Every structure is written in structure tokens, then in C-alpha cells.
Amino acid sequence: MPLTDFRCVTRFRVPYCDVDMMQHVNHASYIVWAETARCIYFAEVLKEPINGANGVILARLQFDYAQPLDYREEIAVGCRISRLGRKSFDFAYEIWSETRQLRAAHGSSTMVAYDYKAQSSIVVPGRWREIIAAYEVVAPTAGS
């Protein structure tokens, strides 16, 4: 089974709107799917509203594409925290075709914990650290 290192997995069929004139899923859709998975992680795992006082800002995003995906293909997007630093952390993403049982793409994003009221970065809240440590299948590596 793919995605064994991911507890947070979102499943859906590729919608028509994500297919471009080249007749496969446009590369930008993979990013939207990863962002959606990250928002689900925040809501369901960290129990944080996406527009709360303490949130995150995107510092880095990287994606590698392996296989094209097609309209109506069954997709699974795995999302997990792979590194937990003092003020930032990384999400790892895997996008799988469950129809063809292959990895279509993988990527990562670096997020900075942020206080929107003060307009500044903050230390990753202790409550988040506890939840992440208890939730993740693979313990996040330490980092800055």
C-alpha cells in the first residue's frame, strides 16, 4: 500500500477543471491539492482554523513530477510533517494514482509559524508539537 508513512490522506477523482489542453492534469493542480491537504491537516489534526490568530506562512515550496494524471483517475494525497524546527516546519506530500498504483508526484513545503496580529514569526506552539509527536507515523526530524 502506498502512503504507509502518511496518516493524513485525502482521496478524490481528478475533476475536469484540473485537466489542461495537453489532456492531462496541469502541474499547478498538484500544488492546489497539496495546499488543500495541508489545510485539512491544520483543521483535523492540529484543530486550528486556517484564519486563526496563530497560523503559518509559506516560505518554500518544491515539487517533483513523475507521472501524468488523467481525468477521473482516483487520487490519494498524503500529507505529513517531516521536520519540526523552532519557528518552522516542513510538510512532505505524496500524490498517488490509486487507479494505476503509482506515485505521480512528491514535494515539500517549509512553513513558518506566524502571529498575524503582531505580523511576525513565532516559535512553533508547544500544543502543536505535542499533537504532531503523537500523530505522525514517522517522527519529524529536528531542525531550525
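In this text the structure is predicted, and so the values were computed from the model without any measurement.
A salt bridge is absent between Glu73 and Arg13; no separation between the charged side-chain nitrogens and carboxylate oxygens falls under 4.0 Å. At a threshold of 4.0 Å, the pair Arg127-Glu130 does not count as salt-bridged, since none of the basic side-chain nitrogens sits closer than that to a carboxylate oxygen. The residues Arg11 and Glu74 are annotated as not salt-bridged, no charged nitrogen and carboxylate oxygen being separated by less than 4.0 angstrom.
When every heavy atom of Leu58 is checked against every heavy atom of Ser109, the shortest pair comes out as CD1-CB, 3.7 Å.
Atom CG of residue Leu46 and atom CZ of residue Arg129 lie 12.0 Å apart, to the nearest 0.5 angstrom. To the nearest 0.5 angstrom, Phe89 atom CZ is 9.5 Å from Arg83 atom CZ. Cys79 SG to Glu94 CD: the interatomic distance, rounded to the nearest 0.5 Å, is 11.0 Å.
By the 30° and 60° cut-offs, the orientation of the rings of Tyr93 relative to Phe63 is parallel.
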Would you list the atom pairs, donor with acceptor, under 3.5 Å between side chains in residues 118-125 and any protein atom, with sequence neighbours excluded?
{"residue": "Gln119", "atom": "NE2", "partner": "Tyr116", "partner atom": "O", "Å": "2.6"}
{"residue": "Ser121", "atom": "OG", "partner": "Lys87", "partner atom": "NZ", "Å": "3.3"}

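The cationic group of Arg7 lies under 6.0 Å from the six-membered ring centre of Tyr135 and within 45° of the ring axis, placing it in a cation-pi geometry.
Looking at Trp128 and Val45, their side chains never come closer than 4.5 Å, going by heavy atoms from C-beta outward.
Evaluation of the side-chain contact (heavy atoms from CB on, under 4.5 Å) rule for Glu44 yields Ile40 as partners, not counting sequence neighbours.
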